[in-house]
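Below is one structure, written out as structure tokens; the observations come after it.
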Number of protein chains: 2
Amino acid sequence: MKIRATLKQIAKELGVSVSTVSKALNDSPEISEPTKIKIQEYAKLKNYKPNLTALNLKNRSTKTIGVIIPNILNSFFAKVFSGIEKVAEAKGYNVITCISNESLEKEIHALEMLSNGTIDGFILSIAEEAQKLGEFSHFLEIIKEGIPIVMFDRIADEVHCDKVVVDDYESALNAMQHLIDSQCSSIALFSSIDNLSVGKLRTKGYFDALEKNNISIDPQIIIRTDNEHEFNIQATALFDTQKVDGIFALDEHASVSAMKMSLKAGYKIPDEVSVIGFADGVWSRRLTPSLSTVSQHGPEIGEAAAQLLIARLESKLENYHYKTEIIKTELRQRESTKKIG
Amino acid sequence: MKIRATLKQIAKELGVSVSTVSKALNDSPEISEPTKIKIQEYAKLKNYKPNLTALNLKNRSTKTIGVIIPNILNSFFAKVFSGIEKVAEAKGYNVITCISNESLEKEIHALEMLSNGTIDGFILSIAEEAQKLGEFSHFLEIIKEGIPIVMFDRIADEVHCDKVVVDDYESALNAMQHLIDSQCSSIALFSSIDNLSVGKLRTKGYFDALEKNNISIDPQIIIRTDNEHEFNIQATALFDTQKVDGIFALDEHASVSAMKMSLKAGYKIPDEVSVIGFADGVWSRRLTPSLSTVSQHGPEIGEAAAQLLIARLESKLENYHYKTEIIKTELRQRESTKKIG
DNA sequence: GTGAAAGCGCTAACAC
DNA sequence: GTGTTAGCGCTTTCAC
């Protein structure tokens with residue numbers, strides 16, 4: 001194990017001072033060409049790399065972004081992450097990642113662990129548990145310490161910071177309108193994320209779309225749960241007892257279950273029942289029939305969040321005006337919904 | 001923006017020396033109880049957190065693992081990542097993540113960017129481009145600098161380091177045997193990852209299984225490509241011209257295409273054609289019919305890799321004996337294959 | 001043009 | 001028991 005070359009070492013071996021070496025390697029005009037060349041070549045030979053930790057200490061900045069994601073196995077978050085990483089990489093930032101696993105405790109721990117000089121700022125989406133309990137004081141603490149936070153997707157109005165969200169309410173309205181326009185009149189709501197901010201917004205879109213179109217609400221065909229197990233029970237029961245001609249699903253599990261259960265119940269999709277859901281695009285296309293989805297542009301969300309954070313980190317003047325950026329969704333019509341002529 | 005509390009500051013405000021504060025906060029027995037308490041309470045009040053960057057500089061270690069992943073949108077890597085993160089978190093390590101996006105250049109860049117004191121060691125899976133070109137010198141460089149690397153899944157025999165792999169060859173043999181035992185005699189090979197080390201191993205398993213069972217090789221029903229586009233062309237052609245009663249697919253795209261195209265071609269699965277593939281378990285279950293897969297235990301791979309790396313980092317004595325750990329796969333029989341009585 | 005010295009925040013050996 | 005000092009690796013004034 002070769003030990004890493006340092007300025008001091010090079011200086012000694014070349015019989016010059018540390019500061020000369022430093023300046024030479026930074027191509028300072030103070031240093032004469034000959035010495036500069038000599039030092040630079042020697043450094044290359046020795047494979048010298050400046051120690052970033054030391055630089056960070058000096059600069060009081062680490063060029064590192066902390067990302068806290070509730071669940072990396074959820075492809076939406078993986079996509080957002082890829083967007084963050086892309087922008088970060090382009091701007092010379094590192095990304096340090098923690099997974100809260102939807103747990104408040106792990107979220108707090110991650111925040112603690114990184115808020116000690118390791119990172120310059122956070123990008124995060126709130127853990128389910130925190131959102132369910134309405135517990136956001138750990139974020140406020142961090143912000144009070146002067147570390148900027150950008151929240152995406154699952155946000156909290158109580159926390160003042162930059163945010164990137166999807167127009168969940170609008171996109172629900174929109175998706176519902178599409179179902180209604182294609183002659184669905186008895187549209188079920190499928191949600192296994194009723195505890196999340198985004199779930200609530202989408203649900204509101206469902207109700208408002210019905211109201212706007214003078215369709216009465218049928219509580220029998222509405223499933224609002226906060227976990228997959230309970231969802232499965234209720235959905236199975238629903239298929240046994242109710243008839244629907246449309247399903248609006250608020251999350252991936254609900255979307256796919258809607259498809260699978262409809263097929264099993266003998267429905268023809270989309271002739272007898274249309275399905276629209278929030279789900280991963282690649283996999284939705286792979287289903288037979290393919291699933292129409294509300295596409296959330298995950299990478300763009302990540303990119304926007306990273307832009308926002310880096311902009312704030314690099315703006316000298318403190319700008320107390322927090323921005324909330326809204327990324328538009330898109331309705332992807334595939335085979336699970338009827339074409340509207 | 002409140003400025004972060006430092007030892008120096010606290011020392012001044014309390015009228016003691018920096019080292020007293022440091023010792024008090026580290027609960028050193030050298031310090032008397034009263035002062036200790038006084039200092040500790042004041043520190044808590046000021047919300048003091050030791051600056052990790054400074055500590056890292058002092059300790060010449062960062063308790064941070066660099067992870068380089070070819071593509072986070074591939075759920076296999078996301079799973080491995082979650083395993084890495086879990087172990088790292090448990091052992092008090094941070095995880096810093098880069099995505100090579102299958103590009104050699106980005107892989108080199110990530111390696112460079114982090115090998116300057118930012119991280120203590122790497123966990124990575126080789127980018128497709130690097131593997132295709134057989135270009136591994138950048139890894140050797142890093143190892144020569146004394147930074148340990150653990151490779152997983154896509155590895156290179158040329159690089160001596162700790163490794164974690166799946167028994168790709170064995171699991172291919174195994175999956176093939178299952179198809180053969182369930183009376184498939186004309187089994188297609190579907191691969192869109194023929195350039196990867198894992199793809200080659202699985203392919204070898206395919207051939208050897210055929211040979212062992214005295215089934216002749218039919219080149220007409222073998223698709224070996226290194227990209228999805230070319231794969232789609234060849235697969236479409238195959239379904240137009242050939243008849244098969246079994247498909248062994250080496251990657252997710254090939255697996256799902258096999259299902260979708262079979263259904264479209266009017267095959268009954270599994271009665272007329274059986275399909276086994278390497279693919280994500282959750283989504284395979286969601287397909288109709290559900291897909292039988294070779295399950296790779298992604299999280300376990302990540303956990304093993306992290307264990308291996310941390311063990312090496314924390315072992316004082318240099319142990320030149322590199323380990324290769326093999327994580328067993330499991331054949332998950334679902335609806336796309338016939339039950340064997 | 002080159003070097004000495006201070007300092008980023010922290011710890012630890014060594015005085016007192 | 002408490003303080004002084006040196007040093008981790010680097011940059012940057014300020015002398016020379």
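The sequence lines fix the lettering, A, B, ..., with proteins before strands; numbering per chain opens at 1. Here the structure is a predicted model, which means the values were calculated and not measured.
Within 3.5 Å, no donor on the side chain of A:K36 pairs with an acceptor on the base of C:dG1, nor the reverse. Looking at B:K8, its side chain has no donor and acceptor atom pair within 3.5 Å of the base of C:dG7. Under 3.5 Å, the side chain of B:S19 and the base of D:dT4 form at least one donor-acceptor pair of N or O atoms.
Salt-bridge annotation for A:K163 and A:E325: absent, with no side-chain N of the basic residue lying under 4.0 Å from a carboxylate O of the acidic one. Look at B:K49 and A:E145 and you find a salt bridge, because one of the NZ, NE, NH1 or NH2 atoms lies within 4.0 Å of a carboxylate O, short of that distance.
Relative to the side chain of A:K23, the nucleotides D:dC10, C:dA4, C:dC14 differ in distance, and C:dA4 lies closest. Closest contact between the side chain of B:T20 and the listed nucleotides D:dG3, D:dT11, C:dT11 involves D:dG3. Among the nucleotides D:dT13, D:dC10, D:dG3, the one closest to the side chain of A:T6 is D:dC10. Of the candidates D:dG9, C:dT11, C:dG3, C:dG3 carries the atom nearest the A:S17 side chain, counting heavy atoms from C-beta on.
Residue-level contact check: B:S22 touches the bases, meaning some heavy atom is under 4.0 Å from a base atom. Counting any heavy atom pair closer than 4.0 Å across all strands shown, A:T35 reaches sugar-phosphate atoms only and no base atom. Heavy atoms of A:L7 sit under 4.0 angstrom from at least one base atom. When heavy atoms are screened at a 4.0 angstrom cut-off, B:V18 is found touching base atoms of the nucleic acid. Note on B:N26: only backbone sugar-phosphate atoms sit closer than 4.0 angstrom, heavy atoms only; bases stay farther off.
Protein atom CG of A:L14 is 16 Å distant from nucleotide atom C1' of C:dG1, rounded to whole Å. Atom P of nucleotide D:dC8 and atom CG of A:L55 are separated by 16 Å, given to the nearest angstrom. Distance B:L57 CG to D:dC8 P: 9 Å, rounded to the nearest Å. Atom pair A:I31:CD1 and C:dG3:P shows a separation of 8 Å (rounding to whole Å applied). Going from atom CD of B:Q9 over to atom P of C:dC8 covers 11 Å, rounded to whole Å. If you measure from atom NZ of B:K12 to atom C1' of C:dC10, you get 17 Å, rounded to the nearest angstrom. Taking atom CG of B:N56 as the reference point, atom C1' of D:dG7 lies 16 Å away to the nearest angstrom. The CG atom of B:L25 sits 13 Å away from the P atom of C:dA12 (whole-angstrom rounding).
Listed pair B:S32 / D:dT2 meets the phosphate criterion, a side-chain N or O lying under 4.0 Å from OP1 or OP2. Within the structure, every side-chain polar atom (N or O) of A:R4 is placed at least 4.0 Å from both OP1 and OP2 of D:dG9.
Contact annotation: the side chain of B:F81 approaches that of A:T97 to within less than 4.5 Å [non-hydrogen atoms, C-beta and beyond]. A heavy-atom distance below 4.5 Å is not found between the side chains of B:P70 and B:I126.
The backbone N or O of B:I155 sits less than 3.5 Å from a side-chain atom of B:Q131, completing a donor-acceptor pair. Judged by distance alone, with hydrogens and angles left aside, the side-chain atoms of A:N101 form no donor-acceptor pair with the main-chain N or O of A:S103 at under 3.5 Å. Side chain of A:E303 to backbone of A:G83: no donor-acceptor contact under 3.5 angstrom is found.
If you run salt bridge (Lys or Arg N to Asp or Glu O under 4.0 Å) between B:R154 and each of B:E102, B:E107, B:E128, only B:E102 comes through.
Mapping B:A54 and B:G15 onto DNA chain D via the closest heavy atom, the residue that lands nearer the 5' end is B:G15.
Of the residues in residues 109-118 of chain A, none has a non-hydrogen atom less than 4.0 angstrom from any atom of DNA chain C.
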